[in-house]
Asks: 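First the structure, which I've put down as structure tokens, then a few questions once you've had a look.
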Amino acid sequence: MSAAACAPSPKAVKRLVRALLPAIFLGAIDGQIVPVALLTIGRALDDVSLIAWVMAGYLVAGTVATPIYGKLSDLHGRRRILLVALGVSTVGSVACALSTSMPVLIGARVLQGLGSGALFALCQAAAADVISGPDRGRYQGYFSAVFATAALAAPLLGGYLTAHLSWRSVFWINLPLAAFAAWRVTAVVARAAPAPRESSIDWSGAALLAAGLGVVLVALTRVGQGAGWLSGSTLGFGALGLALLLAWAWRESDAPEPIVPLSLFRNRIVLACCMVTALNFFVLIGCTVLLPLSMQAVGGARADEVALRLVALTLATPAGAFTAGRLMLRVPRMGAISAAGCALASLALAALSWASVPGAAVPLPAMVPLGFGLGMTLPALIVAAQGAVGPAMVGVVTALVSFFRSFGGVIGIAVLTSLVMAAADGGSLADARPEALAHAFRVAFGLAAGVSAIAALVALRIRRVSRAGSAASGGARS
């Protein structure tokens with residue numbers, strides 16, 4: 001159902017947006033409250049070597065679930081599928097809180113990711129149903145600011161809960177948040193639900209994608225546990241993962257209802273937005289794990305001290321998202337806005353990589369531009385992608401960009417944490433030599449800085465996009 005057909009009043013649009021914000025907040029905090037507690041969890045469950053999988057399993061599940069939920073919401077309405085996602089997230093949170101071993105916790109986090117991982121994309125799709133092109137920048141700025149606030153405030157909350165209560169409380173806290181989000185969705189979103197239509201889900205494509213991503217992550221995690229990058233097992237898992245992902249791409253090219261429509265990649269703006277989104281979240285999600293780990297493993301900080309050190313980042317990120325949202329009302333070159341944010345983040349990460357003791361006392365002059373720069377990239381890319389396609393494809397392209405957001409985060413957390421864990425001789429951070437660990441963090445932050453620089457260059461390829469919802473001439477040609 002198009003926005004034009006609905007013609008909602010500004011008051012109704014604002015009411016819908018306010019109703020969606022709690023679900024966005026939950027989706028962000030659910031994914032980012034855990035990193036600050038990872039070391040404590042690993043020690044409590046006697047297996048520090050698997051801590052990367054606590055985050056990676058969640059992200060893989062969300063990556064695969066997002067396009068499936070998007071397709072289901074087209075069939076059955078946004079409200080119903082949002083409530084299903086919130087329910088799955090709640091069950092997963094309870095399972096995480098009750099976990100007694102690291103493998104059980106990883107399995108519970110996968111279940112949690114199957115629910116929470118799709119909330120942001122579902123909320124964006126629900127908003128796109130009724131919000132016209134010119135206003136998308138403003139409301140995406142609000143969404144991105146709330147997402148960024150939750151994602152960066154989560155370490156503060158997680159640090160204090162872990163230090164003063166228990167690491168299990170970082171999962172119990174999700175229950176009241178999910179209940180409130182479900183109440184708001186039930187009260188408001190039903191009026192924006194589209195009528196069901198005939199379609200199907202490409203379950204085989206989803207299975208191939210999940211298997212391919214999972215096997216690639218096994219290869220990366222084994223590197224973190226001491227296997228060499230060129231060892232037989234690493235190369236074998238990597239080759240198998242690549243083969244599965246190629247099989248997935250072949251399946252998608254022939255499926256009547258593909259999980260990820262490959263035809264969208266012929267649109268240059270959409271392709272660039274997907275690439276920049278993946279690179280940005282490689283950095284963003286990876287750093288949400290790297291920063292707390294470096295502060296604790298190298299700097300010796302407690303969980304609550306880590307929370308305080310992340311305040312600057314917490315405040316700067318939503319400020320960057322809100323600023324970008326306002327700029328988009330005046331500046332049609334959304335690629336330039338994203339490029340500026342990527343460049344600023346790259347400089348900040350380079351400063352962190354040059355620090356003599358990474359994470360021991362992260363300087364304010366680095367944390368503020370890092371958060372502000374990453375925040376600037378959040379709203380512009382989704383609006384640029386939406387503006388590069390017709391109204392009938394807005395929901396599909398929103399899910400596609402969200403897919404690459406999760407995909408980039410999966411790879412980022414796997415690669416960056418594997419670099420650090422590989423320096424710990426078998427994955428034990430507690431037994432690693434301080435000099436080797438500090439060097440590994442410097443390399444990881446330096447790699448993140450390089451990825452942000454590449455993202456800035458790719459973002460400059462995003463040409464002028466009309467805020468009314470279509471690409472400017474020449475920008476979207478196949």
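Please read these numbers as outputs of a predicted model, since none were measured by experiment.
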Asks: Among all residues two or more places apart in sequence or in another chain, which pass the side-chain hydrogen bond (donor to acceptor under 3.5 Å, both in side chains) test with Thr277?
Replies: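 Partners of Thr277 under the side-chain hydrogen bond (donor to acceptor under 3.5 Å, both in side chains) test: none.
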
Asks: Atom OG of Ser353 and atom NE2 of His439: how far apart are they, to the nearest 0.5 Å?
Replies: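 Here the interatomic distance stands at 11.0 Å.
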
Asks: Considering non-hydrogen atoms only, spot the tightest contact between Trp172 and Ala97 and give its length.
Replies: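 Where Trp172 meets Ala97 most closely, the heavy atoms are CE2-CB, 3.3 Å.
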
Asks: Working to the nearest 0.5 angstrom, can you tell me the gap between Leu352 CG and Leu347 CG?
Replies: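 Separation between the atoms: 11.5 Å.
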
Asks: When the ring centroid of Tyr58 is compared with that of Phe171, is the distance short of 6.0 Å?
Replies: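 That pair fails the under 6.0 Å test.
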
Asks: Could you tell me the separation between the CD1 atom of Ile33 and the OG1 atom of Thr162, rounded to the nearest 0.5 Å?
Replies: 7.5 Å

Asks: Would you say the side-chain atoms of Tyr69 pair up with the backbone N or O of Leu119, donor to acceptor, closer than 3.5 Å?
Replies: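 Answer holds: no.
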
Asks: Could you work out, with side chain to side chain contact (heavy atoms under 4.5 Å, CB included) as the rule, every residue matching Thr377, not counting sequence neighbours?
Replies: Asn280, Cys342

Asks: Look at the side chain of Arg109 and the backbone N and O of Gly57, then say whether any donor-acceptor pair between them is shorter than 3.5 Å.
Replies: no

Asks: Rounded to the nearest 0.5 Å, what's the gap from CG on Leu457 to CE on Met275? Could you check?
Replies: 10.5 Å

Asks: Could you tell me which non-hydrogen atom of Val276 sits nearest to which non-hydrogen atom of Ala459, and how far apart they are?
Replies: CG2-N, 3.6 Å

Asks: I need the Leu240 CG to Leu245 CG distance, nearest 0.5 Å.
Replies: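 Reported value, rounded in 0.5 Å steps: 9.5 Å.
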
Asks: According to side chain to side chain contact (heavy atoms under 4.5 Å, CB included), who are the partners of Leu165, at least two apart in sequence or on a separate chain?
Replies: Leu161, Ser169

Asks: Can you find a pair of side-chain heavy atoms, one from Phe282 and one from Ile454, that are under 4.5 Å apart?
Replies: no

Asks: Could you list the donor-acceptor pairs under 3.5 angstrom formed by side chains in residues 366-373, with sequence neighbours left out?
Replies:
none

Asks: Could you measure the distance from the CD1 atom of Ile269 to the CG atom of Leu264? Nearest 0.5 Å is fine.
Replies: 12.5 Å

Asks: Check Ser452 against Val283 and note the closest heavy-atom contact, atom names and distance.
Replies: OG-CG2, 3.5 Å

Asks: State which residues pass side-chain hydrogen bond (donor to acceptor under 3.5 Å, both in side chains) with Ser89; sequence neighbours excluded, sorted by chain then number.
Replies: Asp30, Ser116

Asks: Less than 3.5 Å apart, which donor and acceptor atoms pair up between the side chains of residues 203-215 and the rest of the protein, not counting sequence neighbours?
Replies:
residue: Ser204; atom: OG; partner: Asp202; partner atom: OD1; Å: 3.0
residue: Ser204; atom: OG; partner: Arg251; partner atom: NE; Å: 3.0

Asks: Minimum heavy-atom separation for Ala384 to Ile462, with atom names?
Replies: CB-CG2, 4.3 Å

Asks: Which heavy atom of Ala343 sits nearest a heavy atom of Ala456, and at what distance?
Replies: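 Smallest interatomic distance, heavy atoms only, reads N-CB, 4.0 Å.
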
Asks: Using the side chain to side chain contact (heavy atoms under 4.5 Å, CB included) rule, take Thr90 and Leu175 through it: C-alpha gap first, then chi angles, then the decisive distance, then the call.
Replies: CA-CA 6 Å; Thr90 301; Leu175 272 62; 4.2 Å; yes

Asks: List the atom of Ser93, the atom of Gln112, and the distance in Å for their closest heavy-atom pair.
Replies: OG-NE2, 2.9 Å

Asks: Under the criterion side chain to side chain contact (heavy atoms under 4.5 Å, CB included), I'd like the reasoning laid out for Ile29 against Asn174: C-alpha separation, chi angles, the key distance, then a yes or no.
Replies: CA-CA 8 Å; Ile29 204 169; Asn174 290 336; 4.3 Å; yes

Asks: Start with the C-alpha gap between Val451 and Leu349, add the side-chain angles, then the distance that decides, and say whether side chain to side chain contact (heavy atoms under 4.5 Å, CB included) holds.
Replies: CA-CA 10 Å; Val451 171; Leu349 287 164; over 6 Å; no

